[in-house]
Amino acid sequence: MNKVVVLTGAGISQESGIRTFRGEDGLWEGYAVEDVATPQAFKINPDLVLEFYNQRRAALLDKNIVPNAAHIALCEFESKFSGEFVLITQNIDNLHERAGSKNILHMHGELLKVRSEETGEVFEWKEDLHRKSHPQNREDLVGTMRPHIVWFGEAPFEMITIEHALRDCDLFVAIGTSGVVYPAAGLVHSTPKHCRRVEINLEQTPVSPHFHEKRQGRASSEVPQFFQEILNSL
């Protein structure tokens, strides 16, 4: 086995206390998607959108939010695996980084970063973001800043790199993903025929039939066990 690619979704971070974005009622933490997670929403009511992400950013920075055993297991596997390891995440938190993972692709952006709509520059950001905010005393960027998040209707980040990584992987593991958000849900179809495909989730998903193996259970227990099995087999 030379190359392992892992995709993580909201399920892995939920065990660390981060609420899943999409609720059973279709609302995103009490808000309609079109009100807080689209470019149009940002144009119509930027204050609402910024406040929504300010709340999520503050929640992420709570001292009680820490990586769980699944995050740590992925980091440990990456450090011990002699081949190539690529971690793709749909999550916008920084729990993989805090656990110690290195080769991470954030396809939906990062909550602790902001971007200028005018210049495209990306900046680290931990405080609240407002329309008059600007990074690094850059007054020329006032009024241009937005969360560095992929909204509905926008193309995910790193897709060329992701497709290239999947093209020749030997093992693809999807962890805690809903299987309904595309293009992430369709990544399993980009793996080669010889690739072993494993889904780790609490329940079956719409894409479960496309995986060779399904392990049902909490990520914090199933992920450490599975990746230890892989290391033992090498």
Side-chain angles (χ1 to χ4, degrees), residues 7-10 12-13 16-22 27-67 71 86-165 181-184 187:
L7 169 68
T8 63
I12 193 172
S13 292
S16 288
I18 295 180
R19 295 172 59 187
T20 55
F21 212 3
R22 185 193 301 270
L27 298 179
W28 289 35
E29 295 193 358
Y31 295 87
V33 172
E34 58 270 19
D35 291 337
V36 294
T38 66
Q40 294 77 16
F42 190 55
K43 291 180 180 179
I44 295 170
N45 194 343
D47 290 332
L48 175 64
V49 174
L50 293 177
E51 179 56 27
F52 175 75
Y53 286 97
N54 287 343
Q55 292 175 12
R56 300 199 73 211
R57 191 180 301 108
L60 174 59
L61 293 172
D62 186 293
K63 64 180 181 180
N64 295 313
I65 302 297
V66 295
H71 295 103
V86 180
L87 176 55
I88 305 165
T89 186
Q90 297 173 264
N91 300 330
I92 60 176
D93 59 63
N94 66 342
L95 294 180
H96 284 304
E97 284 86 351
R98 290 170 59 189
S101 293
K102 303 299 182 184
N103 194 16
I104 309 168
L105 301 174
H106 280 272
M107 65 184 301
H108 291 162
E110 299 176 67
L111 189 56
L112 298 184
K113 292 183 179 180
V114 296
R115 183 174 80 249
S116 169
E117 289 193 300
E118 185 172 308
T119 68
E121 293 172 274
V122 178
F123 303 89
E124 301 285 339
W125 197 269
K126 291 187 176 181
E127 61 260 32
D128 285 351
L129 180 66
H130 304 288
R131 281 189 289 175
K132 293 185 178 180
S133 298
H134 58 83
Q136 303 173 353
N137 296 317
R138 290 280 302 277
E139 294 190 8
D140 59 307
L141 296 181
V142 171
T144 74
M145 306 308 299
R146 57 162 282 179
H148 187 52
I149 303 296
V150 175
W151 288 325
F152 282 94
E154 296 180 325
F157 300 140
E158 308 280 7
M159 286 307 298
I160 294 177
T161 303
I162 289 171
E163 289 292 340
H164 181 76
V181 179
Y182 283 81
L187 296 185

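Any value given below was found using the heavy atoms of this structure, including those in side chains, with hydrogens, waters and symmetry copies removed. Residue numbers count from 1 along this sequence.
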query = So does His164 have more than 12 non-hydrogen atoms from other groups sitting under 6.0 Å from NE2?
reply = no
remark   = dist Leu141:CG -> Glu121:CD (nearest 0.5 Å) comes out at 5.5 Å
task = Using atom types as modelled and distance alone, determine if a side-chain donor or acceptor of Arg57 lies under 3.5 Å from a backbone N or O of Asp128.
result = no
query = Side chain of Ser16, backbone of Ile65: donor and acceptor closer than 3.5 Å?
reply = no
Close side-chain approach of Met107 and Pro183, heavy atoms under 4.5 Å = yes
request  = Would you indicate whether the side-chain heavy atoms of Leu50 and Pro147 approach each other to under 4.5 Å?
outcome  = yes
task = Applying side chain to side chain contact (heavy atoms under 4.5 Å, CB included), run through Leu187 and Met159 and close with a yes or a no.
result = CA-CA 10 Å; Leu187 296 185; Met159 286 307 298; 4.2 Å; yes
ask   = How far does CZ of Phe157 sit from CD1 of Ile149, to the nearest 0.5 angstrom?
value = 8.0 Å
message = If I take atom CD1 from residue Ile162 and atom CD1 from residue Ile88, how far apart are they, to the nearest 0.5 angstrom?
response = 4.5 Å
ask   = At their closest point, which heavy atom of Thr144 faces which heavy atom of Ser116, and how far apart are they?
value = OG1-OG, 2.9 Å
Salt bridge (charged side-chain N to carboxylate O under 4.0 Å, His left out) partners for Arg131, two or more places apart = Asp47
remark   = Sequence neighbours excluded, the answer for side chain to side chain donor-acceptor pair (under 3.5 Å) partners of Asp140 is Arg138
inquiry  = Return the CG to NZ distance between Leu61 and Lys63, rounded to the nearest 0.5 Å.
reply    = 13.5 Å
key: Inter-residue atom distance Ile44.CD1 - Thr38.OG1, 0.5 Å rounding   = 7.0 Å
task = Kindly give the heavy-atom pair with the smallest separation between Phe42 and Met145, and that separation in Å.
result = CZ-O, 3.7 Å
ask   = Heavy atoms, side chains only, cut-off 4.5 Å: are Leu87 and Asn103 in contact?
value = no
task = May I have all residue pairs that pass side chain to side chain donor-acceptor pair (under 3.5 Å) and include part of residues 146-161, sequence neighbours excluded?
result = Tyr53-Trp151, Arg115-His148, Arg146-Glu154
ask   = Which heavy atom of Ser133 sits nearest a heavy atom of Leu129, and at what distance?
value = CB-CD1, 3.5 Å
ask   = If you measure from CG on Leu60 to CG on Leu112, what distance do you get to the nearest 0.5 Å?
value = 5.0 Å
task = Sequence neighbours left out, what passes ring pair (Phe, Tyr, Trp, His ring centres under 6.0 Å) with His71? Give chain and number order.
result = His96
ask   = So do the side chains of Val114 and Glu124 get within less than 4.5 Å of each other, counting heavy atoms only?
value = no
message = Applying side-chain contact (heavy atoms from CB on, under 4.5 Å), can you list everything that pairs with Leu48, at least two apart in sequence or on another chain?
response = Tyr31, Asp35, Val36, Asn45
ask   = For the residue pair Thr8 and Asn91, what are the closest heavy atoms and their distance?
value = OG1-ND2, 4.0 Å
query = Would the number of heavy atoms belonging to other residues, nucleotides or ligands and lying under 6.0 Å from CG of Asn137 be above 12?
reply = no
remark   = Those residues at least two apart in sequence (or on a different chain) that pass side-chain contact (heavy atoms from CB on, under 4.5 Å) with Glu97 are Asn94, Ile104, His106, Glu110
query = Does a side-chain heavy-atom distance below 4.5 Å link Trp125 with Glu127?
reply = yes
